[in-house]
Asks: 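First, the structure itself, so that you have it in front of you.
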Amino acid sequence: MAELAEAFGLTQFRDYQKNAINAALNGKDTLIIQQTGSGKSLCYQFPPVYTHTKAIVICPTISLMQDQHAILTAMGIKCTYLGSAQVDKTLETSVFQSQDPHRIIFVTPEWLFRDVNLKRVVDAAAAKTVTLIAVDEAHLICEWQSFRTNYKDLETIKQHFPTTPVMFLTATATPSMVEKLKACLHDPCVWKGTVNRPKIILDVQEITDKGHVSKDSRGNYTGFANSVSKIIKKDNAIVYTDFIADIASITQALNELGITCAHYHGDLDARSKLSS
């Protein structure tokens, strides 16, 4: 398909991508459980680009919507996000018009289940302007209901979109979660890959005085960086920490050891995120 190369710069689909995309194009619900980095997002990005319609993609966080928006925009694919972070409030209505060029619309569950917004999406789906509803990080339907109640509403999404294909995507789902997600959909096609990564080493360490960038804590970061350097050697690594304040210090400590690295977190501006 020409759109795959022209819009996404790819020469071929992975097997599960092709099958999932074909299922969605044929109006079937899908559940995709594939490891991070396997290309799940293409499964909801390709159909609206190919059909010149729109996909609604439900995301858990504003930062995730903005990140995906930045990546797709850099590729030349028309997309947008709606909600409190969107400055242009006219998009709330204009984006659902059939002649509007946006192909992918990112929203949160909270945005979708406001009555006026849900009606707009339902009407657009009935008019075949919206032809796919996707839920990214779908395992959160099972996990976040206690403090984000609109995730429970996603269990009934087929009641609102009975004839529109719905796609759930996740890299993390226990067997019980899989059964619960399947029950939310209508006879879904399921593509489940392995999350086993035999070449990945996981190492967890505690940094004392974390979250405080000061000379007193630099020794701790240096010691941690030394441990990381011994583990990764010449391979690649991702270092996660639970405080943004730690990130710059860890990056500096690794660079001082001759390990080329960059940092990334939610407080970076859009340009910095793309260059990281």
Side-chain angles (χ1 to χ4, degrees), residues 4-5 7-14 16-17 33-43 45 59-77 79 81 85 106 136-137 139-140 169-173 193-276:
L4 186 63
F8 299 96
L10 301 173
T11 57
Q12 61 183 7
F13 293 108
R14 296 176 180 178
Y16 87 86
Q17 290 174 329
I33 308 157
Q34 298 285 339
Q35 62 191 16
T36 300
S38 66
K40 293 188 297 297
S41 58
L42 184 67
C43 296
Q45 292 169 355
C59 293
T61 64
I62 291 172
S63 61
L64 182 58
M65 294 193 300
Q66 291 175 325
D67 288 349
Q68 295 198 52
H69 172 264
I71 292 168
L72 287 169
T73 299
M75 294 168 62
I77 295 173
C79 65
Y81 54 89
F106 295 99
D136 203 7
E137 308 293 349
H139 61 279
L140 298 178
L169 306 98
T170 179
T172 308
T194 179
V195 295
N196 182 36
R197 298 287 191 96
K199 295 183 179 180
I200 289 183
I201 298 172
L202 298 178
D203 182 77
V204 180
Q205 298 187 35
E206 182 179 4
I207 302 176
T208 57
D209 298 325
K210 61 184 179 179
H212 303 282
V213 181
S214 67
K215 291 182 179 180
D216 292 339
S217 62
R218 284 290 297 132
N220 296 319
Y221 292 113
T222 301
F224 175 73
N226 273 309
S227 298
V228 171
S229 67
K230 292 175 183 177
I231 294 170
I232 66 174
K233 298 178 182 177
K234 295 182 179 180
D235 294 324
N236 297 320
I238 298 175
V239 178
Y240 291 97
T241 181
D242 51 359
F243 284 93
I244 289 177
D246 290 322
I247 295 176
S249 295
I250 292 173
T251 301
Q252 181 181 343
L254 288 168
N255 281 323
E256 288 173 356
L257 293 174
I259 299 173
T260 302
C261 59
H263 62 268
Y264 184 96
H265 53 75
D267 286 351
L268 293 176
D269 58 46
R271 183 182 295 275
S272 298
K273 288 179 179 180
L274 285 173
S275 63
S276 293

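Computed from a predicted structure; not experimentally measured.
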Asks: Find the distance between CZ (F13) and CG (L42) and round it off to the nearest 0.5 Å.
Replies: 6.0 Å
Asks: Please round to the nearest 0.5 Å and tell me the distance separating atom CG of L4 and atom CD of Q17.
Replies: 8.5 Å
Asks: Using 0.5 Å steps for rounding, measure from the NE2 atom of H263 to the CD1 atom of I244.
Replies: 10.0 Å
Asks: Please report the shortest heavy-atom distance between L169 and C43, naming the atom on each side.
Replies: CD2-CB, 4.5 Å
Asks: Could you state the interatomic distance from NE2 (H69) to CD1 (I71), rounded to the nearest 0.5 Å?
Replies: 11.5 Å
Asks: Locate the shortest heavy-atom distance separating A171 from K40; write the atom from each residue and the value.
Replies: CB-NZ, 3.9 Å
Asks: Look up atom CG in L140 and atom OG1 in T170, then write down how far apart they are to the nearest 0.5 Å.
Replies: 7.5 Å
Asks: Counting C-beta onward and ignoring hydrogens, is there a side-chain heavy-atom pair between Q68 and Q66 closer than 4.5 Å?
Replies: no
Asks: Is there a donor-acceptor pair under 3.5 Å between the side chain of Y81 and the backbone N or O of L64?
Replies: no
Asks: Under a 3.5 Å distance rule, please check whether Y16 uses its side chain to pair with a backbone N or O of Q34 as donor and acceptor.
Replies: no
Asks: Search all heavy atoms of C59 against all heavy atoms of D136 and return the closest pair with its distance.
Replies: SG-CB, 4.4 Å
Asks: Taking the side chain as every heavy atom from C-beta outward, state whether F8 and I77 have any pair of such atoms under 4.5 Å apart.
Replies: yes
Asks: As an exercise, state the distance from CD of Q45 to CG of L72, rounded to the nearest 0.5 Å.
Replies: 4.5 Å
